[in-house]
Engineer: 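Got a structure here, written out as structure tokens. Questions coming.
On a predicted model such as this, the values are computed, not experimentally measured, just so you know.
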Amino acid sequence: MIARRLTDIKSGLPEGVTLVAVSKFHPVEALREAYDAGQRVFGESRAQELRDKAASLPADIRWHFIGHLQRNKVAIVVEAASMIESVDSEAILMAIDREAVRRGRRIDVLLEVHVAAEATKTGLLPSEAVALAAKAAGALEAVRLRGVMGMASFTPDDPDRIRADFDRIAETFNAIKSGPMAGNPDFDTISMGMSDDYEAAISAGSTMVRIGSAIFGPREY
Ligand SMILES: *Cc1c(COP(=O)(O)O)cnc(C)c1O
């Protein structure tokens, strides 16, 4: 079932779009099934869950952290993840950089941009993301700033709003790419699109989709 859904989704993705299989709250057996079907990039939203799953699954998996990151969890996440997609403050960005330096490793990050209508969704305003990129561009030692991540509003009945949100995320990426990160080929990632809206995200320029329930089924909270 998981393998089938994974293959179906993958075959519909254009070349150059990375699939992050969002496996939060699903048991290790489900991840193993996806792994056996060839999936190597997984997304988790809680630090301990990420650490535990990483410890019991093969080492060639690339783990993406996609949840809200607290300062006291930075060490756990820097140890286990290859990319942190949800950087939403200068303090967290610098804490990640210090931790990665301490461990002698490099880590990729995305700036999380908030454009959705819901007040509960975390992230930087587009202008704040550009300002943070400008400030961080020369200051990071072990972190590679790779791009932006964002979510569209939860408005299933309003595809125009979803499309407008994705356009704003892509515009924020372009503002950074042609501004503070100009000439840096590492800045290449727009992570947007989930189970219900990834096709719209791709047509708005997404290079990375984060898909959970369409692969693993509904989550139990
Ligand atoms: C849970 C989650 C997803 C996956 O959502 P689905 O609707 O299950 O595909 C993607 N991105 C983030 C940040 C998430 O927290």
Engineer: Under a 3.5 Å distance rule, please check whether Thr172 uses its side chain to pair with a backbone N or O of Pro126 as donor and acceptor.
Structural biologist: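 It does not hold such a pair.
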Engineer: Short question: side chain of Thr155, backbone of Asp157 - any donor-acceptor pair under 3.5 Å?
Structural biologist: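 It does not hold such a pair.
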Engineer: Report yes if some heavy atom in the side chain of Leu50 is under 4.5 Å from a heavy atom in the side chain of Ile76; otherwise report no.
Structural biologist: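 Heavy-atom side-chain distance check fails, nothing below 4.5 Å.
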Engineer: State, with a plain yes or no, whether a side-chain heavy atom of Val87 is found less than 4.5 Å away from one of Leu110.
Structural biologist: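 A side-chain contact under 4.5 Å is absent here.
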Engineer: Decide, yes or no, whether a salt bridge links Arg144 with Asp108 under the criterion of side-chain N to carboxylate O below 4.0 Å.
Structural biologist: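 Salt bridge present between Arg144 and Asp108.
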Engineer: Examine distances only and state if a side-chain atom of Ser86 and a backbone atom of Gly67 form a donor-acceptor pair shorter than 3.5 Å.
Structural biologist: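 Here the side-chain-to-backbone pair exists.
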Engineer: Does any part of the side chain of Glu112, heavy atoms only, come nearer than 4.5 Å to the side chain of Met151, both counted from C-beta?
Structural biologist: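 The answer is yes; the side chains approach within 4.5 Å.
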Engineer: Given side-chain contact (heavy atoms from CB on, under 4.5 Å), test Ile84 with Trp63 step by step and report yes or no.
Structural biologist: CA-CA 9 Å; Ile84 300 174; Trp63 296 96; over 6 Å; no
Engineer: Check whether any side-chain heavy atom of Leu19 sits under 4.5 Å from a side-chain heavy atom of Leu6, and report yes or no.
Structural biologist: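 Side-chain contact under 4.5 Å: yes.
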Engineer: If we only count heavy atoms from C-beta on, is the Ile96 to Leu69 side-chain gap below 4.5 Å?
Structural biologist: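 Yes; the side chains approach each other to less than 4.5 Å.
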Engineer: Quick one: do the Ser191 and Arg210 side chains pair a donor with an acceptor below 3.5 Å?
Structural biologist: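 A pair is found: one side chain offers a donor N or O, the other an acceptor, under 3.5 Å apart.
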Engineer: Is it true that a side-chain atom of Arg161 and a backbone atom of Ser153 form a donor plus acceptor pair closer than 3.5 Å?
Structural biologist: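 Such a contact is absent between Arg161 side chain and Ser153 backbone.
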Engineer: Assess whether a salt bridge exists between Lys53 and Glu44, defined as any Lys/Arg side-chain N lying under 4.0 Å from an Asp/Glu carboxylate O.
Structural biologist: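 Yes, this pair counts.
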Engineer: Could you check whether Phe173 and Phe187 have their ring centres less than 6.0 Å apart?
Structural biologist: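 Yes.
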Engineer: Begin from the C-alpha positions of Phe166 and Ile202 and carry the test side-chain contact (heavy atoms from CB on, under 4.5 Å) through to its verdict.
Structural biologist: CA-CA 9 Å; Phe166 287 143; Ile202 288 169; over 6 Å; no
Engineer: Given 3.5 Å as the limit, does a donor-acceptor pair link the side chain of Gln39 with the main chain of Val41, or not?
Structural biologist: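 Such a contact is found between Gln39 side chain and Val41 backbone.
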Engineer: Do Val78 and Arg103 make a side-chain contact, defined as non-hydrogen atoms from C-beta onward lying under 4.5 Å apart?
Structural biologist: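 Yes, at least one pair of side-chain atoms sits under 4.5 Å.
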Engineer: State plainly whether the residues Glu79 and Arg51 are in salt-bridge range, i.e. N to O under 4.0 Å.
Structural biologist: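 The answer is no: the pair does not qualify as a salt bridge.
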Engineer: Do Val148 and Thr189 have side-chain heavy atoms sitting under 4.5 Å apart?
Structural biologist: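 With C-beta onward as the side chain, the pair stays apart.
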Engineer: Between the side chain of Ser89 and the main-chain N/O of Ile92, is any donor-acceptor distance below 3.5 Å?
Structural biologist: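 Yes; judged by distance alone, with no hydrogens or angles, the pair exists.
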Engineer: Salt-bridge test for Arg102 and Glu99: reply yes if a basic N is under 4.0 Å from a carboxylate O, no otherwise.
Structural biologist: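 A salt bridge is present here (some side-chain N lies under 4.0 Å from a carboxylate O).
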Engineer: Find out whether Glu85 and Val20 are in side-chain contact, i.e. whether some heavy atom of one side chain is under 4.5 Å from a heavy atom of the other.
Structural biologist: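 They are in contact (side-chain heavy atoms under 4.5 Å apart), so the answer is yes.
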Engineer: About how many Å separate CD of Glu90 and CG of Asp97, when rounded to the nearest 0.5 Å?
Structural biologist: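 The CD atom of Glu90 is 11.5 Å from CG of Asp97, to the nearest 0.5 Å.
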